Amino acid sequence: MLSLESFAAERLAGLEARGQRRGLEATHRADGVWVERGGERLLSFSCNDYLGLSHHPRVKAAAMAAVETYGAGSGASRLVTGDTPLMGQLEARLAAWKGTEDACVFGSGYLANAGIIPTLVGPGDLIVIDELAHACLWAGSKLSGAETTRLRHNDVEHLDDILTERRGSVRRVLVATDGVFSMDGDLAPLDRLAEICAAHDAWLLSDDAHGLGVLAEGHGSAALFPGAAIPLQMGTLSKAVGGYGGYLCASRAVIGLMRSRARTFVYSTGLPPASAAAAIAALDIIAEDPSLCARPLARARQFTAALGLPQAQSPIVPVIIGDSHAALAASRRLREQGLLVVAIRPPTVAEGTARLRIAFSALHSEAEVARLAEAVRPLLAA
Ligand SMILES: *Cc1c(COP(=O)(O)O)cnc(C)c1O
């Protein structure tokens with residue numbers, strides 16, 4: 001197996017030279033925002049747990065009670081014996097919260113997109129996908145075997161041009177985008193995209209991984225555009241909801257089709273009961289407390305105002321550094337000041353756009369955000 005060993009070693013050395021080698025660091029997340037790494041206590045601006053619900057007493061209690069009642073795992077695919085009664089309750093809650101007829105829970109957001117897209121389109125069909133959309137939308141597109149075309153970021157006229165030119169020669173068309181872009185924090189113009197899709201009989205899939213719980217009083221990015229017809233709304237339970245799992249909210253027929261045909265649903269074990277229970281408890285808190293949901297964006301806007309950056313549209317604010325080594329150095333400088341802001345490098349973002357990706361939480365105080373802004377200021381000038 002010498003060829004395998006030399007292949008892996010050479011690839012790793014190449015990544016190292018480009019500042020793109022990645023490694024794990026054991027991290028004890030002591031609560032929503034304080035973490036312990038390598039004996040240090042750091043204030044994290046790199047978690048997607050925007051509301052701190054992963055550590056909320058009610059969410060933890062619900063998860064623990066579900067373990068006691070239903071066990072640690074679900075035992076099989078949901079279609080066999082893995083459909084704990086909590087799952088139906090969770091799906092009803094998600095559908096009601098998003099205003100769709102039905103919902104379907106998957107093992108994760110990544111698994112959701114890897115299952116949804118190939119269930120709807122295949123060879124002979126066209127997928128148009130925003131160039132900055134999340135990796136799992138691209139993965140689902142690849143798995144589908146449909147022709148995939150890159151949409152210039154948030155460019156609605158480009159979408160209209162593509163559909164005008166291509167719609168007549170393909171069977172079905174799916175248009176996929178993040179609602180909130182995960183590495184840039186900007187929003188997709190879902191209203192305009194929905195209009196153009198409707199005019200060309202194309203199906204719009206929006207990924208609300210970073211919207212649920214933090215935009216439009218917690219309803220998510222689509223709710224910022226009331227009236228926009230978005231027939232396929234997916235997202236994750238692992239960010240603001242604080243646990244784990246993915247979902248699709250859609251019509252009864254579409255969800256029925258997913259339950260019969262989405263391969264990552266049919267052939268993968270159901271979500272652990274504790275994750276379903278935690279998500280239900282977290283959705284209760286989100287529905288009860290709009291002021292909690294509003295806080296991450298307010299903190300992000302405090303930060304962008306302090307530094308004269310464009311106003312934040314979501315709790316995610318990128319500080320573009322450019323070079324991967326420089327982004328790592330910037331992250332190290334913040335860490336020396338007790339602040340954890342992870343550098344995001346290619347291929348997660350485009351070559352030459354390595355960055356600090358700052359994620360604000362409802363648990364950050366205004367004083368802590370001000371402290372971060374002062375620590376980041378010299379990095380902007382550099
Ligand atoms: C994190 C993320 C996902 C994947 O969700 P997981 O539940 O973590 O697998 C999907 N889409 C976007 C935009 C994301 O940021």
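Throughout, numbering of the chain's residues begins at 1 and tracks the sequence. In listed order, ligands and their atoms are each counted from 1. Treat the numbers as computed from the prediction; the structure is a model and nothing was measured. For the numbers below, each heavy atom of this structure counts, side chains included, while hydrogens, waters and symmetry mates do not.
- A heavy-atom separation below 4.0 Å is found between S238 and ligand 1.
- Without hydrogens or angle criteria, T27 side chain to E25 main chain gives a donor-acceptor distance under 3.5 Å.
- The N/O atoms of G109, backbone and side chain alike, include one that comes under 3.5 Å of an N/O atom in ligand 1.
- Enclosure of atom CZ in R261 is not indicated, since only 12 or fewer non-hydrogen atoms of other residues, nucleotides or ligands lie within 6.0 angstrom.
- Of all protein heavy atoms, the one lying nearest to atom 4 (C) of ligand 1 is Y110 N, 3.7 Å.
- For residues 217-253, every residue pair satisfying the ring pair (Phe, Tyr, Trp, His ring centres under 6.0 Å) rule, not counting sequence neighbours, is listed here: W97-H219.
- For the pair L43 and L339, the minimum side-chain heavy-atom distance is below 4.5 Å.
- Listed by first and then second residue, the ring pair (Phe, Tyr, Trp, His ring centres under 6.0 Å) pairs involving residues 137-175 are H153-F181 (not counting sequence neighbours).
- Using a 4.0 Å cut-off to heavy atoms of T236, the atoms of ligand 1 that qualify are 5 (O), 6 (P), 7 (O).
- Here's the thing with D178: none of its N/O atoms is less than 3.5 angstrom from an N/O atom of ligand 1.
- By the 6.0 Å contact criterion, CD on E217 is open, its count of non-hydrogen atoms from other residues, nucleotides or ligands being 12 or less.
- Close approach of ligand 1 to C136 is summarised as follows: ligand atoms under 4.0 Å from at least one heavy atom of the residue are 10 (C), 11 (N).
- Considering only non-hydrogen protein atoms, atom 11 (N) of ligand 1 sits nearest to D207 OD2, 2.6 Å.
- The shell of residues lying under 4.0 angstrom from ligand 1, judged by heavy atoms, includes K239.
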